[in-house]
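By convention in this document, chain letters (A, B, ...) are assigned in the order of the sequence lines, proteins followed by strands, and residues within each chain are numbered from 1. These numbers come from the heavy atoms of this one structure, side chains and all, not from hydrogens, waters or symmetry mates.
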Number of protein chains: 2
Amino acid sequence: MKYPVRMTHQREVILDELKRTRTHPTADELYTRVKKRLPRISLSTVYRNLETLSNAGLVSKLEITGRQKRFDWNQEPHDHIICTICQRIDDIIPPMSGLGQLSDIPSDRHGYQLTGWRVEFFGICPDCQQKHNETHDHDPSKETQ
Amino acid sequence: MKYPVRMTHQREVILDELKRTRTHPTADELYTRVKKRLPRISLSTVYRNLETLSNAGLVSKLEITGRQKRFDWNQEPHDHIICTICQRIDDIIPPMSGLGQLSDIPSDRHGYQLTGWRVEFFGICPDCQQKHNETHDHDPSKETQ
DNA sequence: TTAGTTGCAAAACGTTTGCAACCCG
DNA sequence: CGGGTTGCAAACGTTTTGCAACTAA
């Protein structure tokens, strides 16, 4: 699943910065980081390379529901849990994600040839739970979905 | 889960058009339909109302991963299967969707307070399968993820 | 009466593209 | 050397917003 790509300096730095970022940065977050090391790099180079590198199988692209694309160095299949308050995204380790139980879905369901699925979990992250407990106000209309 | 909203003429027509559209239209698809009945309506009114109506619990918003938002009259919880070729979206009936098996996820996983999850299925719809069989060319690099 | 809603235009947002200069293999 | 890649600027498609006029309750 990994295809060869020409390894430019920009590409190396982008990959390196992604590797050392445990969060799931957006293209412009990564651009901000990379720009510290390569001040003349452009945002479009970052976009183009993330696209290229994800096609080449070197990074993975997270197209999380209704949100900006995010990129991930972690190539192992895993799911994500998204904080509906601060939008932070964390990894979920596969054995607990429910993916296993889903494999018995009939592939010809609705006439579709099934090629994959994605599970996203939503919740409130530890930090936001704490803030919530401190302030004690609750507005359900602000919640996702 | 349904909050009252002021029922304007525009809102009525938007709701009615959404109700009679079995697909999951985007805001501009709906705008095109509604404009035939209300030629002076603006796209921003459609956007604003879909947002308002979905907050009010009268329609549901599908924020499918990396794609344009789509809207749905069907308020019953159900999942979706998305054609990776033509982007068409169909409903999946709950008993087969796998949601049931996921309910045993521990809610304190990773310190998150779990509030929900979403499953999206990807596949090739009957129409695109047929077209594929007719043309016989296959480019795996064009497939989603 | 008045707070919520409309149409319009413009802005915002994330992302992609055309292009000439450049550089990796 | 030649084709892939870069930086820049400009365009793109989708969505949001500011505003004065309007309208449902």
Side-chain angles (χ1 to χ4, degrees), chain A residues 3-18 24-56 58-71 82 87 89 141-142 144-145, chain B residues 2-18 24-56 58-71 87 89 141-142 144-145:
Chain A
Y3 302 95
V5 283
R6 205 162 114 176
M7 201 41 75
T8 64
H9 188 36
Q10 289 89 332
R11 221 158 259 180
E12 270 170 351
V13 176
I14 288 169
L15 271 174
D16 185 65
E17 281 299 327
L18 191 56
H24 305 79
T26 59
D28 59 296
E29 280 165 7
L30 206 47
Y31 168 66
T32 305
R33 289 169 165 277
V34 169
K35 211 180 162 85
K36 287 177 186 149
R37 291 168 61 180
L38 303 175
R40 288 188 52 78
I41 201 172
S42 77
L43 179 57
S44 47
T45 298
V46 175
Y47 269 108
R48 264 187 298 228
N49 280 334
L50 288 170
E51 191 62 30
T52 305
L53 293 168
S54 102
N55 286 338
L58 292 172
V59 311
S60 55
K61 194 179 356 173
L62 316 184
E63 304 188 74
I64 303 288
T65 289
R67 293 178 170 80
Q68 226 177 323
K69 283 175 192 156
R70 291 179 176 269
F71 297 86
I82 302 127
Q87 316 300 319
I89 298 175
S141 73
K142 291 289 181 301
T144 294
Q145 263 209 345
Chain B
K2 295 196 184 184
Y3 301 95
V5 283
R6 205 161 114 177
M7 201 40 75
T8 63
H9 189 36
Q10 289 90 331
R11 220 159 259 181
E12 270 169 352
V13 177
I14 288 169
L15 271 174
D16 185 65
E17 281 299 327
L18 191 56
H24 304 78
T26 58
D28 60 297
E29 280 165 7
L30 206 47
Y31 169 65
T32 306
R33 290 169 164 277
V34 169
K35 210 179 163 86
K36 286 177 187 150
R37 292 168 61 180
L38 303 175
R40 290 189 49 78
I41 202 173
S42 76
L43 179 57
S44 49
T45 299
V46 175
Y47 269 107
R48 265 187 299 227
N49 279 334
L50 288 171
E51 191 62 32
T52 305
L53 293 168
S54 101
N55 286 338
L58 291 173
V59 310
S60 55
K61 198 185 344 179
L62 316 184
E63 304 187 74
I64 302 289
T65 288
R67 291 178 171 77
Q68 222 177 327
K69 284 174 192 156
R70 291 178 176 270
F71 297 87
Q87 316 300 319
I89 298 176
S141 74
K142 291 290 182 299
T144 293
Q145 269 215 339

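Residue B:Ile14 comes nearest to B:Thr45 through the heavy atom pair CD1-O, 4.3 Å, listed as atom of the first residue, atom of the second, then distance. The two atoms that bring B:Ile41 and B:Tyr31 nearest to each other are O-CE1, 3.5 Å, heavy atoms only.
In this structure, the side chain of A:His24 does not engage the main chain of A:Arg70 through any donor-acceptor pair within 3.5 Å. Panel note: side chain B:Arg11, backbone B:Arg6; a donor-acceptor pair is recorded below 3.5 Å.
The CD atom of B:Glu63 sits 12 Å away from the C1' atom of D:dT15 (whole-angstrom rounding). The CZ-P distance, from B:Arg48 to D:dC19, rounds to 13 Å in whole Å. Here the C1' atom of nucleotide C:dC24 and the NE2 atom of A:His9 are 14 Å apart, to the nearest Å. Atom CD in B:Gln68 sits about 11 Å away from atom P in D:dG13, given to the nearest Å. For the pair A:Tyr31 OH and D:dT6 C1', the interatomic distance rounds to 13 Å; values are reported in whole Å. Here the C1' atom of nucleotide C:dT5 and the CG atom of B:Asn49 are 8 Å apart, to the nearest Å. The CD1 atom of A:Ile14 sits 12 Å away from the P atom of D:dT5 (whole-angstrom rounding). In this structure, CD of A:Glu12 is placed 9 Å from P of C:dG25, rounded to the nearest angstrom.
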Quiz item: Step by step, would you call A:Asp16 with A:Arg37 a side-chain contact (heavy atoms from CB on, under 4.5 Å)?
Solution: CA-CA 11 Å; A:Asp16 185 65; A:Arg37 291 168 61 180; 2.7 Å; yes
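A donor-acceptor contact under 3.5 Å links the side chain of A:Ser44 to the base of D:dC8.
Among the heavy atoms of the strands, none lies under 4.0 Å from B:Asp28. Looking at heavy-atom distances under 4.0 Å, A:Leu43 makes contact with a base. Looking at heavy-atom distances under 4.0 Å, B:Gln10 makes contact with sugar-phosphate atoms alone, never a base.
Note on A:Arg11: a side-chain N or O is less than 4.0 Å away from OP1 or OP2 of D:dT5. Checking the phosphate oxygens (OP1, OP2) of C:dC8, a side-chain nitrogen or oxygen of B:Arg40 falls inside 4.0 Å. Listed pair B:Thr52 / C:dT5 fails the phosphate criterion, with no side-chain N or O lying under 4.0 Å from OP1 or OP2. The side chain of B:Lys69 places no N or O atom within less than 4.0 Å of a non-bridging phosphate oxygen (OP1 or OP2) of D:dG13. Using a 4.0 Å cut-off, no side-chain N or O of A:Tyr47 falls inside it from OP1 or OP2 of C:dT16. Note on B:Thr45: a side-chain N or O is less than 4.0 Å away from OP1 or OP2 of C:dG7. Here A:Lys61 does not reach the OP1 or OP2 of C:dT15: none of its side-chain N or O atoms lies under 4.0 Å away.
Looking at the side chain of B:Ser42, the nearest of the listed nucleotides D:dG7, D:dT15, C:dG7 is C:dG7.
To the nearest 0.5 Å, atoms CG (B:Leu53) and CG (B:Leu15) are separated by 4.5 Å.
Where B:Arg6 and B:Val46 each meet DNA chain C at their nearest nucleotide, the meeting point lying more 5' is that of B:Arg6.
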